[in-house]
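Following: one structure in structure tokens, then a few remarks.
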Number of protein chains: 2
Amino acid sequence: MARTSQQTTWQSVRDEVLRRIQSRDWKPGEPIPHEADLAREFGCARATMNRALRDIADSGLIERRRRAGSRVALHPVRKATLDIPVIRIEIEARGETHAYRLIECALEAPPPQVAARLNAASGQAMLHVVGLHMADGKPYAFEDRWINPESVPEALTADFTRISPNEWLVLNVPVEGGDITFAATEATAAEARALECRPGAALFVTKRTTWRGEARLTTVRQLFAPGYGMKTLI
Amino acid sequence: MARTSQQTTWQSVRDEVLRRIQSRDWKPGEPIPHEADLAREFGCARATMNRALRDIADSGLIERRRRAGSRVALHPVRKATLDIPVIRIEIEARGETHAYRLIECALEAPPPQVAARLNAASGQAMLHVVGLHMADGKPYAFEDRWINPESVPEALTADFTRISPNEWLVLNVPVEGGDITFAATEATAAEARALECRPGAALFVTKRTTWRGEARLTTVRQLFAPGYGMKTLI
DNA sequence: TCCTCGAATATGTATATACATAAAAAAATA
DNA sequence: TATTTTTTTATGTATATACATATTCGAGGA
């Protein structure tokens with residue numbers, strides 16, 4: 001029976017559970033009461049309690065297992081969700097103007113590392129697209145991309161002088177999954193020239209490979225100009 | 001009425017919706033049918049449909065608004081969830097041995113930048129803890145931390161030679177939220193000495209500040225040895 | 001003692017129903 | 001026409017109920 005006046009929301013229940021964990025009423029590693037008991041205590045339906053606990057479990061603070069119950073995580077792995085936007089959107093969101101300058105676009109044999117990431121024989125030719133993202137005319141990110149023409153044949157006819165491959169792919173190629181690595185690297189001479197920084201400067205770099213099913217679609221390495229930081233909340 | 005034989009699970013419904021988005025049956029920017037209609041089509045309850053669509057919305061592929069309905073996101077912001085484990089756990093998960101070497105632990109006035117991050121007057125003394133995480137005896141991460149003694153008075157009596165501040169804080173101080181920044185930086189002479197790398201080497205760096213309510217608890221800068229990469233799936 | 005197997009149980013999920021709420025659209029008003 | 005108010009509607013959520021399923025636990029057998 002839903003009462004108009006005072007509903008128990010799953011958020012309020014979640015917050016109270018979080019409070020008990022934070023205040024160490026329920027200590028790390030210890031089990032917490034069962035859904036059903038908690039539901040009774042909070043005066044809500046078990047479904048509501050379930051929603052609250054599931055949300056907390058998603059955040060990594062409790063661990064739940066069937067039949068075994070729920071317990072406060074011993075090593076609460078902090079989970080940060082970071083948004084990986086299309087670079088143009090990222091730049092325009094800061095009120096700056098985006099431009100993409102194509103540096104190279106050719107069909108060629110990739111280095112072994114790249115071939116491996118694309119699950120291809122090392123002799124097989126791939127579409128190599130190199131370019132520079134600019135924000136308000138200043139170098140923003142250097143992008144070195146390899147596209148697998150077996151998985152994305154349309155890419156061979158795309159005009160990357162008009163649209164960045166980044167964006168073309170988002171619009172034209174459905175992606176199922178991928179992996180990303182964040183790291184730091186020193187600018188090579190060519191990279192330094194493009195990004196207008198000193199050779200050897202420390203650059204933030206992201207490497208991404210995306211796939212659909214078994215097919216490797218593309219792998220890209222983006223080098224950001226010095227000063228770039230990726231920010232997120234936990 | 002629950003049928004034993006063939007239940008419609010929210011996962012199966014979600015997968016079919018995902019398929020329609022990937023196959024461009026439903027195009028970016030376009031609205032998709034209403035929950036109720038879809039539920040009828042898939043032969044499931046609206047609650048089930050809701051669960052499926054909510055899950056997709058969480059992943060950033062569709063946008064939902066009350067009364068306005070759901071539409072395929074125009075710029076699907078890829079969301080990557082990255083786990084930020086305690087360093088010791090991270091190292092031990094790779095089968096290596098973790099050790100922490102305390103380099104400095106003193107109460108002193110922080111630089112203005114740090115004071116600002118901790119919402120404190122720049123003259124106010126903070127606990128400064130500097131140390132090095134080692135994996136199998138090799139330098140892994142250099143950690144420069146400031147702890148606000150007003151928010152975390154117990155830290156003044158903690159023995160950071162026996163336990164890393166990282167871990168001590170996880171065990172003893174409930175955290176509500178925080179922000180993280182990932183970037184690249186060049187090793188200073190002192191940092192290079194600690195990490196046994198060349199001065200000026202490009203290092204991956206994370207900066208974190210955590211809080212509870214209004215209280216700023218701690219801010220930390222972790223420099224990882226060359227070669228470190230943070231990996232995640234999307 | 002060790003193993004197998006069935007009972008018990010906490011979480012996971014599907015469903016019908018009812019109401020809440022934001023926001024768009026329509027109607028009423030100035 | 002411009003502005004305010006009301007209505008409409010799609011999503012958001014609470015609830016009771018029923019069943020599904022992974023594990024644990026204990027009993028019984030080898």
Side-chain angles (χ1 to χ4, degrees), chain A residues 1-18 20-21 26-74 76, chain B residues 1-18 20-21 26-74 76:
Chain A
M1 240 107 29
R3 260 152 277 101
T4 315
S5 51
Q6 182 105 30
Q7 282 272 2
T8 311
T9 67
W10 68 268
Q11 290 97 331
S12 71
V13 171
R14 176 198 57 191
D15 290 348
E16 171 58 17
V17 171
L18 283 176
R20 293 189 189 181
I21 294 174
W26 296 334
K27 301 190 177 57
E30 284 183 4
I32 71 176
H34 308 149
E35 259 186 26
D37 289 351
L38 285 172
R40 211 169 305 123
E41 186 199 327
F42 287 120
C44 67
R46 189 166 78 87
T48 306
M49 203 63 229
N50 183 281
R51 181 96 149 84
L53 292 180
R54 185 153 42 80
D55 188 77
I56 297 177
D58 285 345
S59 81
L61 269 173
I62 66 174
E63 286 161 3
R64 321 193 71 200
R65 267 165 62 218
R66 280 182 177 171
R67 159 80 220 222
S70 310
R71 55 182 58 235
V72 181
L74 205 49
Chain B
M1 242 115 16
R3 259 152 278 101
T4 316
S5 52
Q6 183 106 29
Q7 283 271 2
T8 311
T9 66
W10 69 267
Q11 290 98 332
S12 70
V13 171
R14 176 199 56 191
D15 290 348
E16 171 58 18
V17 171
L18 284 176
R20 293 189 188 181
I21 295 174
W26 296 334
K27 300 190 178 57
E30 282 182 5
I32 71 176
H34 308 149
E35 258 186 25
D37 289 351
L38 286 172
R40 210 169 306 120
E41 186 198 328
F42 287 119
C44 67
R46 190 167 77 86
T48 306
M49 203 63 229
N50 182 280
R51 181 94 148 82
L53 292 179
R54 184 153 43 78
D55 189 76
I56 297 177
D58 284 346
S59 81
L61 269 174
I62 65 173
E63 286 161 2
R64 319 193 73 201
R65 267 164 63 217
R66 281 182 174 170
R67 158 81 220 219
S70 309
R71 55 182 58 236
V72 181
L74 204 50

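Chain letters run A, B, ... following the sequence lines, proteins first and then strands; every chain starts at 1. The model shown is predicted, which means the values in this text are computed figures rather than measured ones.
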Original post:
So, is B/Gln11 close to the C/dG12 phosphate, meaning a side-chain N or O under 4.0 Å from OP1 or OP2?
Top reply: no
Original post:
When rounded to the nearest 0.5 angstrom, what is the spacing between CG in B/Leu38 and CG in B/Asn50?
Top reply: 11.5 Å
Subject >> B/Arg51: partners by side chain to side chain contact (heavy atoms under 4.5 Å, CB included), with sequence neighbours left out >> reply: A/Arg54, B/Trp10, B/Arg54
**OP:** Measure from the side chain of A/His34, starting at C-beta and using heavy atoms only, and say which of C/dT11, D/dT11, C/dT15 lies closest.
**Re:** C/dT11
Subject >> Nearest-nucleotide 5' precedence on DNA chain C, B/Cys44 against A/Glu35 >> reply: A/Glu35
Subject >> All side chain to side chain donor-acceptor pair (under 3.5 Å) counterparts of B/Ser70, not counting sequence neighbours >> reply: B/Arg64
Subject >> Contact residues, residues 47-62 of chain A to DNA chain C [heavy atom, < 4.0 Å] >> reply: A/Asn50
Subject >> Atom pair NZ/CD1 of A/Lys27 and A/Ile21 - distance to nearest 0.5 Å >> reply: 12.5 Å
**OP:** Can you tell me the distance, in whole Å, between the CZ atom of B/Arg71 and the P atom of C/dA24?
**Re:** 11 Å
Original post:
Please give, in whole Å, the distance from C/dT9 P to A/Arg46 CZ?
Top reply: 15 Å
Subject >> CD1-CH2 distance between B/Ile62 and B/Trp26, expressed to the nearest 0.5 angstrom >> reply: 8.5 Å
Original post:
Roughly how many Å is it from CG in A/Asp37 to P in C/dA10, rounded to a whole number?
Top reply: 8 Å
Original post:
Does A/Arg46 have any salt bridge (Lys or Arg N to Asp or Glu O under 4.0 Å) partners at least two apart in sequence or in another chain, and if so, which?
Top reply: A/Glu35
Original post:
Given side chains that start at C-beta, do those of A/Ile32 and A/Leu53 come closer than 4.5 Å, heavy atoms only?
Top reply: yes
Subject >> Whole-Å distance separating the CZ atom of A/Arg40 from the P atom of D/dT15 >> reply: 14 Å
Original post:
Who pairs with A/Glu16 by salt bridge (Lys or Arg N to Asp or Glu O under 4.0 Å), at least two apart in sequence or on another chain?
Top reply: A/Arg19, A/Arg20
**OP:** Identify, residue by residue, the members of residues 63-70 of chain A with a heavy atom below 4.0 Å from DNA chain C, and return them in order of residue number, or none.
**Re:** A/Arg64, A/Arg65, A/Arg66, A/Arg67, A/Gly69, A/Ser70
